[in-house]
Amino acid sequence: MSVVTRFAPSPTGYLHIGGARTALFNWLYARHTGGRFALRIEDTDRKRSTPEAIDAILSGLRWLELDWDGEVVHQFARAERHAEMARRLLVEGKAYHCYCTPEELEAMRQQARAEGRRMLYDGRWRDRDPAEAPPGVEPVVRFKAPRSGETRIGDLVQGPVTVANDQMDDMVLLRADGTPTYMLSVVVDDHDMDVTHVIRGDDHLTNAFRQYHLYDALGWQAPAFAHIPLIHGPDGAKLSKRHGALGVEAYRDMGYLPEALRNYLLRLGWSHGDEEIISTEQAIQWFDLDAVGKGAARFDFDKLNSLNGHYIRTAADERLLDLLCPLLEAHLGKPVDDAGRRRLNAALPGLKPRAETLEALADNAAFYLRDPPLPLTDKAAKLLTPESREHLERLRETLSGQEDWSKAALEMRLREFAAAREIKLGAVAQPLRAVLTGSTASPGLFEVMAVLGRAECLARLAALGAYS
RNA sequence: GACCCCAUCGUCUAGCCAGGUCCAGGACACCACCCUUUCAAGGUGGCGACGCGGGUUCAAAUCCCGCUGGGGUCACCA
């Protein structure tokens, strides 16, 4: 039987980083085994589900390039099928009506806590005659869970996990309004969708036991489970927003590349020997559930940044340019014309190793497209002393006669210039950098000059007087 | 609180299942040096961990028990 995995988010918000990793693992496992990767939207909570959230999840997956197979399944649309299965269990005596009021349930909860039990519902309607039902109360349908013995699940990540059956109460299958609960819906959908491997967050591990019983009662073969550890914040606690529990589109907007995020998320809790930089092709080839770690991992922006820097360095120039131009237009408040794009293209080799995010790349690239006089950083402004201005004046005169504007020729000319005036190269190079780039840090000076071109360099030098 | 899970450098992890080759390897971060007009990138080196206590064994990061610490779950949410 071929493998079918699924990603089943509830559309109550964006696709957050933990969900993205769950999706990635499901996708990878399906691709690795040559199986199917299905997508199901668990929108049975009508109050909290929104169409905007569905869009956010789909676009997040698309941005991450995690393509799913077949149509998206909307769980709520299958509610009737789920209810039908509940009714089947009812006639088979495997489920029953419960007429408890919320108050009664609350009282039971209180008592269970006080007694240190986790069995919350005491099953009081389990064997009670429905004739005793209080009038006017719409009942819920509860599942008759096994009360003795224990249940063992051979989790593909966690290993064998056993829970005593008396720890689980009779869960609600159908609400009083007749709508199915999540527990019922997942089981029916996973079965109907032929899901063979349920790969999901650790937080579902305890659910797996109750679901396992449901499969059993329905006479179905339960899928294999793989509960992957959750992602924690840098402090070891639950991932919060300021830790990075953001939607994937936030990562896109911060200037991360999808392949970098994929690589990072993959290595967070999974490994293949000492491999760090892992292409998607390799990931598909190598990925397996047995190499998924059991402990929770902490989210670390430093490592993500480093990985992103690597992928920026190795990205194709054309693609980078496409990503960069909109950012620069926002930065500069003006469109990037063809000449600008050509200049950026020439500048890219010097820019790439100096940025870990596209935002930083745009920041660093902006000076190439500005008109003089450039805004100076404080450090750059300090470089423009009366003495260095004098050097730059003379340099401008020297350079105005310079025809060969190649990197090598410029370097030679600059070195000669410094030698002739008996100053260090840096004494003229740094002020020149300030005037040319507005900053004290930039790509190599001669490269900058060559990219900028003769006319632009001279123009920026001529604007020297504009800086006070 | 009850139940379940987890535990190697600051962080991500290799090693653990089939004990010795591990005075524990890689990556990020940090520090130093090299390269160098600046900042990066790159190169070289450094700092840095088997949570604690008991066993088992000739030998334990690796197996067993306890403790401690962390996490998850306990809804007519998913």
Side-chain angles (χ1 to χ4, degrees), chain A residues 8-12 42-45 47-49 75 98 100 102 105-106 109 112-121 138-142 155 158-159 161-164 166-169 171-177 179-183 185-186 201-207 209 227 229-230 232 234 236-238 264 267-277 290-291 293-307 309-310 313 350-356 364 379 383 411 414-415 418 424-430 432-434 437 439-446:
Chain A
S10 51
T12 54
E42 312 224 309
D43 53 353
T44 53
D45 184 345
K47 291 185 193 75
R48 298 199 300 150
S49 300
Q75 192 162 58
C98 167
C100 281
L105 258 12
E106 185 50 36
R109 262 196 284 277
R113 293 261 169 161
E115 291 172 14
R117 287 180 294 112
R118 58 184 262 110
M119 254 271 288
L120 302 175
Y121 173 69
E138 284 301 321
V140 298
V141 172
R142 279 184 189 272
D155 193 277
Q158 303 295 336
V161 185
T162 309
V163 168
D166 63 14
Q167 295 297 321
M168 287 171 273
D169 60 9
M171 61 184 162
V172 172
L173 260 23
L174 247 35
R175 302 186 185 95
D177 64 4
T179 57
T181 60
Y182 161 77
M183 287 292 180
S185 298
V186 239
D202 221 347
D203 51 339
H204 284 284
L205 183 57
T206 51
N207 288 335
F209 293 89
H227 290 92
L230 267 16
H232 286 173
K238 215 202 258 147
Y264 176 70
R267 275 293 282 107
L268 200 58
W270 178 87
S271 60
H272 183 78
D274 285 340
E275 300 292 341
E276 296 288 347
I277 305 290
D290 57 17
K294 295 168 122 188
R298 302 183 188 202
F299 192 86
D300 180 22
F301 267 108
D302 282 338
K303 188 129 183 182
L304 208 211
N305 287 339
S306 151
L307 239 14
H310 171 267
R313 263 172 266 138
L351 256 13
K352 282 157 97 173
R354 271 166 258 256
E356 292 191 319
N364 297 343
K379 278 185 181 174
L383 250 25
E411 173 159 8
L414 255 290
R415 288 190 186 281
K424 284 188 191 167
L425 181 58
V428 63
Q430 278 302 85
L432 177 58
R433 165 174 283 114
T437 72
S439 170
T440 53
S442 80
L445 188 58
F446 312 114

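Taking a pair to require two hydrogen-bonding distances under 3.5 Å in either a Watson-Crick or a G-U wobble arrangement, B/A2 pairs with B/U73. The partner of B/C52 is B/G66, judged by Watson-Crick or G-U wobble contacts that both fall below 3.5 Å. The partner of B/U37 is absent, by the rule that a Watson-Crick or G-U pair needs both atom distances under 3.5 Å. Nucleotide B/C30 forms a pair with B/G46, judged by Watson-Crick or G-U wobble geometry with both contacts under 3.5 Å.
In this structure, the nucleotide among B/A78, B/C76, B/U37 sitting nearest to the side chain of A/Leu105 is B/C76. The nucleotide whose nearest atom lies closest to any side-chain atom of A/Thr206 is, among B/C28, B/U73, B/A78, B/U73. Distance from the side chain of A/Leu445 is smallest for B/U37 among the nucleotides B/U37, B/U11, B/C76. Side-chain proximity of A/Gln430 to B/C76, B/C3, B/U37: nearest is B/U37. Nearest to the side chain of A/Gln75, among B/U38, B/C5, B/A78, sits B/A78. For A/Phe446, the side-chain atoms get nearest to B/U37 when compared with the rest of B/U37, B/C39, B/C5.
Residue A/Lys294 has a polar side-chain atom (N or O) positioned under 4.0 Å from OP1 or OP2 of B/C6. For the OP1/OP2 pair of B/C28 and a distance below 4.0 Å, the side-chain nitrogens and oxygens of A/Arg298 include no atom meeting the criterion. When the side-chain nitrogen and oxygen atoms of A/Ser271 are compared with OP1 and OP2 of B/A14, one or more of them lie within a distance under 4.0 Å. Taking side-chain N and O atoms only, A/Thr44 has a distance below 4.0 Å to OP1 or OP2 of B/A78.
Heavy atoms of A/His204 sit under 4.0 angstrom from at least one base atom. Among the protein residues, A/Asn207 comes within range of the nucleic acid bases, having at least one heavy atom under 4.0 Å from a base atom. Contacts of A/Met183 with the nucleic acid, taken as non-hydrogen atoms under 4.0 Å apart, include base atoms. Contact annotation for A/Ala176: base contact, defined as any heavy-atom pair under 4.0 Å involving a base atom. When heavy atoms are screened at a 4.0 angstrom cut-off, A/Tyr264 is found touching no nucleic acid atom at all. Note on A/Cys100: a base of the nucleic acid sits closer than 4.0 angstrom, heavy atoms only. Residue contacts for A/Leu268: at a heavy-atom cut-off of 4.0 Å it reaches the sugar-phosphate backbone alone, with no base atom in range. If you check every strand for non-hydrogen atoms under 4.0 Å, A/Pro102 touches nothing. A/Arg109 comes within 4.0 angstrom of sugar-phosphate atoms only, judged by non-hydrogen atoms across all strands, and of no base. At a threshold of 4.0 angstrom between heavy atoms, the contacts of A/Thr12 with the nucleic acid are absent. Nucleic acid contact for A/Thr440: base, since at least one base atom lies under 4.0 Å from a heavy atom of the residue. Within the 4.0 angstrom heavy-atom criterion, base atoms lie near A/Arg433. Among the protein residues, A/Leu432 comes within range of no part of the nucleic acid, since none of its heavy atoms lies under 4.0 Å from any strand. Base engagement by A/Val140 is indicated by at least one non-hydrogen atom pair under 4.0 Å involving a base atom.
Using P as the reference atom, B/U62 and B/G15 are 15 Å apart when rounded to the nearest Å. A gap of 29 Å separates the C1' atoms of B/C9 and B/C4, to the nearest Å. Rounded to a whole angstrom, the distance from the P atom of B/G55 to that of B/A60 is 12 Å. Here, B/U21 and B/A59 have their P atoms 14 Å apart, quoted to the whole Å. Rounded to whole Å, the separation between the P atoms of B/C50 and B/A40 comes to 33 Å. Remark: the separation of the P atoms in B/C17 and B/A29 is 33 Å, to the nearest Å. B/A24 sits 15 Å from B/C52 when the P atoms are compared, rounded to a whole Å. When the P atom is compared between B/A27 and B/G46, the two are found 12 Å apart, to the nearest whole Å.
With values rounded to the nearest 0.5 angstrom, A/Cys100 atom SG is found 4.5 Å from A/Tyr121 atom OH. Interatomic distance, A/Thr206 OG1 to A/Gln167 CD, rounded to the nearest 0.5 Å: 11.5 Å.
When all heavy atoms of A/Thr44 and A/Ser185 are compared, the closest pair comes out as CG2-OG, 4.0 Å.
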For A/Met168 and A/Val163, run side chain to side chain contact (heavy atoms under 4.5 Å, CB included): C-alpha distance rounded to whole Å, both residues' side-chain angles, the deciding distance at 0.1 Å, then the answer. CA-CA 9 Å; A/Met168 287 171 273; A/Val163 168; 3.9 Å; yes
Would A/Leu414 and A/Leu432 count as a side chain to side chain contact (heavy atoms under 4.5 Å, CB included) here? Give the steps. CA-CA 10 Å; A/Leu414 255 290; A/Leu432 177 58; 4.2 Å; yes
Run A/Asp300 and A/Lys303 through salt bridge (charged side-chain N to carboxylate O under 4.0 Å, His left out) and show every step you take. CA-CA 6 Å; A/Asp300 180 22; A/Lys303 188 129 183 182; over 6 Å; no
Polar atom pairs (N or O), protein with nucleotides 24-26 of chain B, under 3.5 Å:
from	atom 1	to	atom 2	distance (Å)
B/G25	N2	A/Asp274	OD1	2.9
B/G26	N2	A/Arg267	NH2	3.2
B/G26	N2	A/Glu276	OE2	2.8

Could you pull out the protein-nucleic contacts involving nucleotides 40-48 of chain B (nitrogen or oxygen on both sides, under 3.5 Å)?
from	atom 1	to	atom 2	distance (Å)
B/A40	O2'	A/Pro353	O	2.4
B/A41	O4'	A/Pro353	O	3.3
B/A41	O3'	A/Arg313	NH1	3.3
B/G42	OP1	A/Arg313	NH1	3.1

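For an aromatic pair to be called close, the ring centres must be under 6.0 Å apart, and A/Tyr264 with A/Phe301 fails this.
Whole-Å rounding puts the A/His232 NE2 to B/C5 C1' distance at 11 Å.
In this structure, A/His272 does not count as stacked on the base of B/A14 under the 5.5 Å centre distance and 30° plane angle limits.
Map A/Pro443 and A/Asp45 each onto its nearest nucleotide of RNA chain B; the residue landing nearer the 5' end is A/Pro443.
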